[in-house]
A.B. asks: 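Pasting in a structure now, in structure tokens, and then I'll have a few things to ask.
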Amino acid sequence: MRAESHRGWEPIYRVVCRIPRRRVATYGQIARLAGLPGHARQVGYALHALPDGTSVPWHRVVKADGRISPRSATDWSFEQRRRLEAEGIAFDDTDRLDLARCRWRPRSTST
DNA sequence: TGCTTGACATAAT
DNA sequence: CATTATGCCAAGC
């Protein structure tokens, strides 16, 4: 944790950090859990502001389709997929992961 | 101080 | 199924 504690992204980083291994969440889901329903876009932007050696598991955040978001640098998108596969998450021929199976299901939005 | 951009989501075409 | 248009908020210039 360092620069990830910017300001308004704090609730977002907080939720992302709570994603357990072997599980992935969508931007919309993160936004909702962070208390910002409909602000999925801000979630993506928050992750974009993360530094390289961040403690936030940004690689566990994918799009609603289960595909990896096409960010500025394609190299990092591949890195994300690599990390997810390392956790045991498999991808389909369409570059999509089994959201129905890997979707993170938090019990409560606090504590 | 105000406009533009940006790791998205959803509905419509 | 792919593309287009709109909403949302914060950071950058």
Side-chain angles (χ1 to χ4, degrees):
Chain A
M1 308 230 176
R2 286 178 194 284
E4 50 265 82
S5 309
H6 270 281
R7 284 174 290 281
W9 306 137
E10 188 175 279
I12 296 178
Y13 298 139
R14 199 166 174 170
V15 174
V16 177
C17 287
R18 287 172 60 203
I19 303 177
R21 292 182 172 177
R22 283 287 199 131
R23 287 285 179 277
V24 295
T26 65
Y27 293 90
Q29 184 179 1
I30 297 290
R32 191 198 288 272
L33 293 172
L36 307 169
H39 303 158
R41 221 171 163 194
Q42 275 52 270
V43 176
Y45 197 60
L47 297 180
H48 170 63
L50 285 172
D52 283 3
T54 181
S55 54
V56 181
W58 53 271
H59 57 271
R60 293 187 193 141
V61 186
V62 297
K63 299 207 304 183
D65 291 345
R67 279 185 274 185
I68 298 176
S69 302
R71 63 196 166 311
S72 307
T74 311
D75 298 329
W76 285 94
S77 68
F78 190 78
E79 175 68 14
Q80 179 172 9
R81 174 173 173 167
R82 195 182 68 137
R83 291 193 181 193
L84 291 175
E85 291 181 318
E87 294 195 354
I89 299 175
F91 285 77
D92 293 351
D93 295 336
T94 56
D95 295 304
R96 296 196 304 188
L97 50 79
D98 211 330
L99 265 182
R101 212 175 52 160
C102 308
R103 185 94 108 90
W104 173 44
R105 305 164 187 166
R107 300 183 180 184
S108 56
T109 55
S110 290
T111 55

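The structure presented is a predicted model; accordingly, all values stated were derived computationally and were not measured. Protein chains get the first letters and strands the later ones, always in sequence-line order, with residue 1 at the start of each.
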A.B. asks: Can you tell me if A:S72 touches the phosphate of B:dA7, counting only side-chain N or O atoms and a distance under 4.0 Å to OP1 or OP2?
C.D. replies: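 Looking at the OP1 and OP2 atoms of B:dA7, one of them is under 4.0 Å from a side-chain N or O of A:S72.
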A.B. asks: Determine, for A:R82 against A:E85, whether the closest basic-nitrogen to carboxylate-oxygen distance falls under 4.0 angstrom.
C.D. replies: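 Salt bridge: no.
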A.B. asks: Atom CG of A:L33 and atom C1' of B:dA9: how far apart are they, to the nearest Å?
C.D. replies: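 Atom CG in A:L33 sits about 15 Å away from atom C1' in B:dA9.
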A.B. asks: Output the rounded distance in Å from NE2 (A:H48) to C1' (C:dG12).
C.D. replies: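 It works out to 10 Å between those atoms.
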A.B. asks: Find the distance A:I12:CD1 to C:dA10:C1' and express it as a whole number of Å.
C.D. replies: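 It is 9 Å, rounded to the nearest whole Å.
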A.B. asks: What is the separation between atom CD on A:E10 and atom P on C:dA10, rounded to the nearest whole Å?
C.D. replies: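 It is 14 Å, rounded to the nearest whole Å.
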A.B. asks: With the side chain of A:A64 defined as its heavy atoms from C-beta on, choose the nearest nucleotide among C:dA11, B:dA9, C:dC8.
C.D. replies: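 Per side-chain heavy atoms of A:A64, the pick is B:dA9.
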A.B. asks: Kindly point out which of B:dG6, B:dA7, B:dA9 is positioned nearest to the side chain of A:R41?
C.D. replies: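 Nearest to the side-chain atoms of A:R41, counting from C-beta on, is B:dG6.
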A.B. asks: Counting side-chain heavy atoms from C-beta on, which of B:dC8, C:dC8, B:dA9 comes nearest to A:T26?
C.D. replies: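 The nucleotide sitting nearest to the side chain is B:dA9.
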A.B. asks: Rounded to the nearest angstrom, tell me the gap between atom NE2 in A:H39 and atom P in C:dC8.
C.D. replies: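 Value for this atom pair: 7 Å.
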A.B. asks: If you assign A:R67 and A:A40 each to the DNA chain C nucleotide with the nearest heavy atom, which residue ends up on the more 5' nucleotide?
C.D. replies: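 So the residue in question is A:R67.
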A.B. asks: Please check if the side chain of A:Y13 supplies one atom and the backbone of A:A46 the other of a donor-acceptor pair under 3.5 Å.
C.D. replies: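 Looks like yes, one N/O pair under 3.5 Å.
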A.B. asks: Round to the nearest Å and state the distance from A:L47 atom CG to B:dT5 atom C1'.
C.D. replies: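 Nearest whole value for this atom pair: 17 Å.
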A.B. asks: Starting from P on B:dA7, measure out to OH on A:Y13 and report it in whole angstrom.
C.D. replies: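 So the two atoms are 13 Å apart, to the nearest Å.
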A.B. asks: When you check the gap from the basic side-chain N to the acidic O, do A:R83 and A:E87 get nearer than 4.0 Å?
C.D. replies: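 No salt bridge links A:R83 with A:E87.
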A.B. asks: Whole Å only: how far is the NZ atom of A:K63 from the P atom of C:dC1?
C.D. replies: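 Result: 14 Å.
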A.B. asks: Whether the side chain of A:Q80 engages the backbone of A:V61 through a donor-acceptor N/O pair (distance < 3.5 Å, no angle test) should be reported.
C.D. replies: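 Looks like yes, one N/O pair under 3.5 Å.
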